[in-house]
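Numbering of ligands and ligand atoms starts at 1, following listing order. Note that these values count all heavy atoms, side chains included, but never hydrogens, waters or copies made by symmetry.
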Amino acid sequence: MKICVFGAGAIGGHVATRLALGGADVSVVARGAQRDAIAADGLHVSARDGEHSARPRVGTPAELGVQDAVIVTVKAPALPQVAEAIGPLLGPDTAVAFVMNGIPWWYFDRHGGALDGRRLPEIDPGDVLRRAVGVERTLGGVVYSACTVTSPGRIRVENAVNRVILGEPDGSESPRAQAIADVLNKGGMVGEVTTDIRTAVWSKLVTNLAFGPFAILSRLGAGPSTQDPVVRTAMTRAMEEAVAVANALGQPVQTDVGKRVAELSRSAHKASILQDLELGRPMEVASLFRVPLELARMAGVDTPTLDLAVALATQQANAAGLFQTAA
Ligand SMILES: NC(=O)C1=CN([C@@H]2O[C@H](COP(=O)(O)OP(=O)(O)OC[C@H]3O[C@@H](n4cnc5c(N)ncnc54)[C@H](OP(=O)(O)O)[C@@H]3O)[C@@H](O)[C@H]2O)C=CC1
Ligand SMILES: CC(C)(CO)C(=O)C(=O)O
């Protein structure tokens, strides 16, 4: 199976390595020092189950040509650039899986009901992804794997279990998602296919949405920040609001909020969006924070704690020049 990973950073570098270990014909689209290092010396992943290396092909979409599947693993602000470049990788039967955090651009496509087909211009401005990729090629994706690029071409993975969940926007059974999941499983990552990808998206998102804005405001990891009972209470309320939004949208997320906040409070982990702020990288404010609250308004759910935290976090991202509120 020919699979190209578009955006071989932390997650993409890990996924590409697992796909190669699983026997796929893997290529990557990368840039800068990361691209040069992968081209010269391959990818090297240091994980709980060992040290893994792979030598994927590295090239531009035109050089790599039509694929059986493309896995997009950029940060959300880079999606318009993906839309511009992805064309040569796509044939009529190419599946394109967006394996990222946050509300995906296709969220209301093949959704059914009154909101079916609703656009999310903060994530897909001018419908560029819709036109370049098309909903028919698109698979949703969620990834549980804490990954960091430690130096170009080298990725450290924290989790003992690393999961990728894939699913069709219309909730149908998916042989094409299963084919990708099978390769991941062979490569030592857990690949799963779901018929309810939106619930999988929200199950992950409730943590990003409740934890991320507080991280930006405190500039601390969850552990140190939640030592203050006021913060812990507010973060708990924020996560309860996020779960209420998911439920109102028809996604039965099962998050045990008290347990999740307790887990976060034992961790020194700095939210990835705070790491982006500190490193001056474009921030996923739209897909992780603002669009979920747009969905809260559509669902008629009040989210006062999240509203304030997200408004202030957005101001921080604006002030740092790492996010621009859509005009
Ligand atoms: N890292 C983690 O532990 C986790 C991340 N996620 C999610 O996964 C997604 C990816 O995150 P992550 O892997 O951390 O991000 P990274 O920034 O590490 O990786 C994205 C990569 O894509 C590259 N890229 C962006 N645009 C282009 C382009 N036009 N052409 C070629 N390469 C490009 C980036 O290059 P450059 O650096 O030059 O911008 C970078 O190397 C996000 O949605 C994130 O929230 C989910 C779970 C955990
Ligand atoms: C929120 C959390 C801890 C889990 O999804 C995360 O990985 C992040 O955003 O850094």
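By the 6.0 Å contact criterion, CD on Q178 is enclosed, its count of non-hydrogen atoms from other residues, nucleotides or ligands being greater than 12.
Considering backbone and side-chain atoms alike, E284 places an N or O below 3.5 Å from some N or O of ligand 1. By the 3.5 Å distance cut-off applied to N or O atoms, R31 is counted among the residues near ligand 1. Ligand 1 has a nitrogen or oxygen under 3.5 angstrom from a nitrogen or oxygen of A10. Residue A30 has no nitrogen or oxygen atom sitting less than 3.5 Å from a nitrogen or oxygen atom of ligand 1, judged on distance alone. Taking any N or O of Q34, backbone or side chain, none lies under 3.5 Å from an N or O belonging to ligand 1. Annotation: A8 places no N or O atom under 3.5 Å from an N or O atom of ligand 1; distance criterion only.
Near K204, meaning under 4.0 Å from one of its heavy atoms, ligand 1 places the atoms 46 (C), 47 (C). Close contacts between ligand 1 and V143 involve ligand atoms 46 (C), 47 (C) [criterion: under 4.0 Å to a heavy atom]. Using a 4.0 Å cut-off to heavy atoms of A146, the atoms of ligand 1 that qualify are 3 (O). Ligand-side atoms of ligand 1 in range of Q81: 26 (N), 29 (N), range being under 4.0 angstrom from any heavy atom. Under a 4.0 Å criterion applied to the non-hydrogen atoms of F6, ligand 1 contributes the atoms 28 (C), 30 (N). The A78 neighbourhood of ligand 1 comprises atoms 25 (C), 26 (N), with distances under 4.0 Å to a heavy atom of that residue. Of all atoms in ligand 1, numbered sequentially from 1 with element shown, those under 4.0 Å from a heavy atom of G7 are 21 (C), 22 (O), 23 (C).
Contact record, A248 with V301: CB-CG2, 3.3 Å, taken as the closest heavy-atom pair. T236 approaches R232 most closely through the heavy-atom pair OG1-O, 2.7 Å.
Of all the heavy atoms of I11, the ones lying under 4.0 Å from any atom of ligand 1 are found in both the backbone and the side chain.
For A76, the heavy-atom gap to ligand 1 stays at 4.0 angstrom or more. Ligand 1 is never approached by A85 to a heavy-atom distance shorter than 4.0 Å.
With sequence neighbours excluded, no residue forms a ring-ring contact (aromatic ring centres under 6.0 Å, His included) with F289. Residues satisfying the side chain to side chain contact (heavy atoms under 4.5 Å, CB included) test with V230, not counting sequence neighbours, are D228.
Atom CG in L79 sits 9.5 Å away from atom CD1 in I86 (nearest 0.5 Å).
At a threshold of 4.5 Å between non-hydrogen side-chain atoms, the residues C4 and S27 count as touching.
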Practice problem: Kindly indicate, with the supporting measurements, whether the criterion side chain to side chain contact (heavy atoms under 4.5 Å, CB included) is fulfilled by L64 and V29. | Solution: CA-CA 9 Å; L64 299 172; V29 178; 3.9 Å; yes

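E241 and T303 share no side-chain donor-acceptor pair at under 3.5 Å. When only modelled atom types and interatomic distance are considered, S46 and R154 share no side-chain donor-acceptor pair under 3.5 Å.
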